[in-house]
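Just so it is clear, the values below take in all heavy atoms, side chains as well, and ignore hydrogens, waters and symmetry mates.
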Amino acid sequence: MLKTLFIVDDDDTNLMAAKTALDGTYKTFALQSAASMFKLAEKITPDLILLDIDMPEMDGFEAMSVLKSDVKLNSIPVIFLTAKHDAKSEIHGFELGALDFISKPFSPPVLIKRIESHIETDKLIKRSLRAVRDIHNATISVIANMVENRDKVTGRHIERTQIYLEILVGELIRTKTYLDEILKWDMSLLLPSAQLHDVGKIYISDLILNKPGTLTGEEFDLIKLHCTEGERIIDEINYKTKDDGFLLHAKRFAGTHHEKWNGTGYPRGLRGEEIPFEGRLMAIVDVYDALMSERPYKKPFTHQQALEIIKKDSGTHFDPKIVEVFLNVADDFLAESTSGK
């Protein structure tokens, strides 16, 4: 089966020259803008993208940043097509994750060989990385499930919150809300790390976690410790592995998902954008799941009741910008919340 290539260039001459050179060797799609590339990528996932740098509206570097922030697209290899030959542009492109630069005008035989070489190399690298990442994610999942299984009342909470988070971040990207923040992230690290947001509960007594009634003030103070205990556990792992990217997200999820926008949350009473973005995201998905779930001390709320509570607490408990985006995809949350029942 032929590999699929996207060729993205606003110059018709360059676009057709590349397509003519590659047709027959690859299945090619000629696209004149980054916007058209993202629209097609919703239906077709290419094996490689040839991406022009100098384009109107969204240039190649901006498009590359968006690609790398999307968990469904960030593993697609990208080669920049460019008439630029300055070292600064090349360094920036490689920092964003580009495989290579091919200068325009290009030689068709050279173009084919360069692409062929990169596709084969990328295949081998991905195979190795996938094996390591699978082991990594499986280990994290086992740890998270061990913690959740001690808490008899939260079934599938970790699984659902991870899915909710993916839905919410996808909509934030689509609406360009906090996009600069999201573009800094590797989504393949962010989403699995959310599984550890309650890892600190491993130090909380089963008698408190599974108490069938309302907690006393003293018991609730002990429950609050799961945030700082989670941070401590993740710091210990980080000390031994130096896996900064994954564990940085995990620590922020664990330590700040109970902070509130108005500063009345715990454990530190952070306010507004003092709260790391990961904590502000998890606050909404965590509360939505809690509201929709049955507990020994309450029946599940309806979806509409959960929405009303989150809307009411916008600007007090929750970041109002994130609440606005959450409401766009609330029906997707509902579908997920009922899928395993």
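Here Asp100 pairs with Arg114, His118 under the side-chain hydrogen bond (donor to acceptor under 3.5 Å, both in side chains) rule; sequence neighbours left out. Take Asp54 and apply the salt bridge (charged side-chain N to carboxylate O under 4.0 Å, His left out) test, not counting sequence neighbours, and it matches Lys84.
A chain of hydrophobic side-chain contacts below 4.5 Å, direct or via other Ile, Leu, Val, Met, Phe, Trp or Tyr residues, connects Val323 to Tyr288. With hydrophobic clusters built from ILVMFWY side chains whose heavy atoms lie under 4.5 angstrom apart, Leu281 shares a cluster with Leu307. Cluster membership for Val169 and Phe318, using ILVMFWY side-chain heavy atoms within less than 4.5 angstrom, is shared. Linking Ile, Leu, Val, Met, Phe, Trp and Tyr residues whenever their side-chain heavy atoms come within less than 4.5 Å places Met37 and Ile44 in a single cluster. Connection of Leu51 to Val110 is not established within any shared hydrophobic cluster, with ILVMFWY side chains joined at heavy-atom distances below 4.5 Å, either directly or through further cluster members.
A ring-centre distance under 6.0 Å is found for Phe101 and Phe94. Remark: aromatic rings of His258 and His197 are distant, center separation not under 6.0 Å.
Counting heavy atoms from C-beta on, the side chains of Phe333 and Met292 never come closer than 4.5 Å. Put simply, the side chain of Leu15 reaches to within 4.5 Å of the side chain of Gln32, judged on heavy atoms. Proximity of Phe6 to Leu31: side-chain heavy atoms (C-beta onward) are separated by under 4.5 Å at one or more points. Leu81 is not listed as a side-chain neighbour of Ile53, based on a closest heavy-atom distance of 4.5 Å or more. Within the 4.5 Å cutoff, the side chain of Leu196 has no heavy atoms near those of the Phe253 side chain. Contact of the Met282 side chain with the Val285 side chain is registered, since non-hydrogen atoms from C-beta on lie closer than 4.5 Å. Trp261 places a side-chain heavy atom less than 4.5 Å from the side chain of Arg280. Here the side chains of Asp331 and His303 are in contact, with some heavy-atom distance below 4.5 Å.
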Checklist entry - Can you check salt bridge (charged side-chain N to carboxylate O under 4.0 Å, His left out) on Glu274 and Arg271, steps first, answer last? => result CA-CA 5 Å; Glu274 292 176 354; Arg271 179 186 298 271; 5.9 Å; no
Checklist entry - So Leu183 and Val66, side chain to side chain contact (heavy atoms under 4.5 Å, CB included) or not? Walk me through it. => result CA-CA 6 Å; Leu183 292 181; Val66 175; 4.2 Å; yes
Checklist entry - Yes or no on side chain to side chain contact (heavy atoms under 4.5 Å, CB included) for Glu336 and Tyr164, after CA distance, side-chain angles and deciding distance? => result CA-CA 8 Å; Glu336 177 55 37; Tyr164 293 152; 3.8 Å; yes
Next on the checklist: Please determine whether side chain to side chain contact (heavy atoms under 4.5 Å, CB included) holds for the pair Lys27 and Lys3, giving the CA-CA distance in whole Å, both sets of side-chain angles, and the decisive distance to 0.1 Å.
Outcome noted: CA-CA 6 Å; Lys27 182 178 180 181; Lys3 298 289 185 182; over 6 Å; no
Next on the checklist: With side-chain hydrogen bond (donor to acceptor under 3.5 Å, both in side chains) as the criterion, how do Thr28 and Asp23 come out once you've worked through the C-alpha distance, each side chain's angles and the decisive distance to 0.1 Å?
Outcome noted: CA-CA 6 Å; Thr28 63; Asp23 270 347; 2.4 Å; yes
Next on the checklist: Before you tell me yes or no, could you show the steps for Tyr178 and Asp319 under side-chain hydrogen bond (donor to acceptor under 3.5 Å, both in side chains), namely the whole-Å CA-CA distance, both residues' side-chain angles and the distance that decides it to 0.1 Å?
Outcome noted: CA-CA 11 Å; Tyr178 290 122; Asp319 181 333; 2.7 Å; yes
Checklist entry - Can you list the steps and then say if Leu67 with Ile49 is a side chain to side chain contact (heavy atoms under 4.5 Å, CB included)? => result CA-CA 11 Å; Leu67 278 168; Ile49 297 173; 4.0 Å; yes
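Side-chain contact annotation: Gln304 with Glu308, donor-acceptor N/O pair under 3.5 Å present.
One finds the CE atom of Met16 at 9.5 Å from the CG atom of Asp9 (value rounded to the nearest 0.5 Å). Between the NZ atom in Lys201 and the CD1 atom in Ile223 there is a gap of 6.5 Å [rounded to 0.5 Å]. Taking CG of Asn74 as the reference point, atom CH2 of Trp185 lies at 14.0 Å (rounded to 0.5 Å). In this structure, CG in Leu327 is found 8.0 Å from CD1 in Ile310, a value given to the nearest 0.5 Å. Interatomic distance, Leu172 CG to Ser69 OG, rounded to the nearest 0.5 Å: 10.5 Å. Here CG of Leu165 is found 11.0 Å from CD1 of Ile163. Values are rounded to the nearest 0.5 Å.
Surrounding NZ of Lys104 are more than 12 heavy atoms belonging to other residues, nucleotides or ligands, all under 6.0 Å away. The environment of Glu324 atom CD is sparse: at most 12 non-hydrogen atoms of other residues, nucleotides or ligands sit within 6.0 angstrom. Heavy atoms from other residues, nucleotides or ligands lying under 6.0 Å from NZ of Lys224 number more than 12.
Using a 4.0 Å cut-off between a side-chain N of Lys or Arg and a carboxylate O of Asp or Glu, Arg174 and Glu171 qualify as a salt bridge.
Among residue pairs with one or both ends in residues 37-61, those qualifying as ring-ring contact (aromatic ring centres under 6.0 Å, His included) are Phe61-Phe80, Phe61-His92; sequence neighbours excluded.
In summary, of the residues considered (Arg268, Arg252, Lys251), a salt bridge (Lys or Arg N to Asp or Glu O under 4.0 Å) with Glu231 occurs for Arg268 alone.
Proximity of a side-chain donor or acceptor of Ser293 to a complementary backbone N or O of Ala290 within less than 3.5 Å is not detected.
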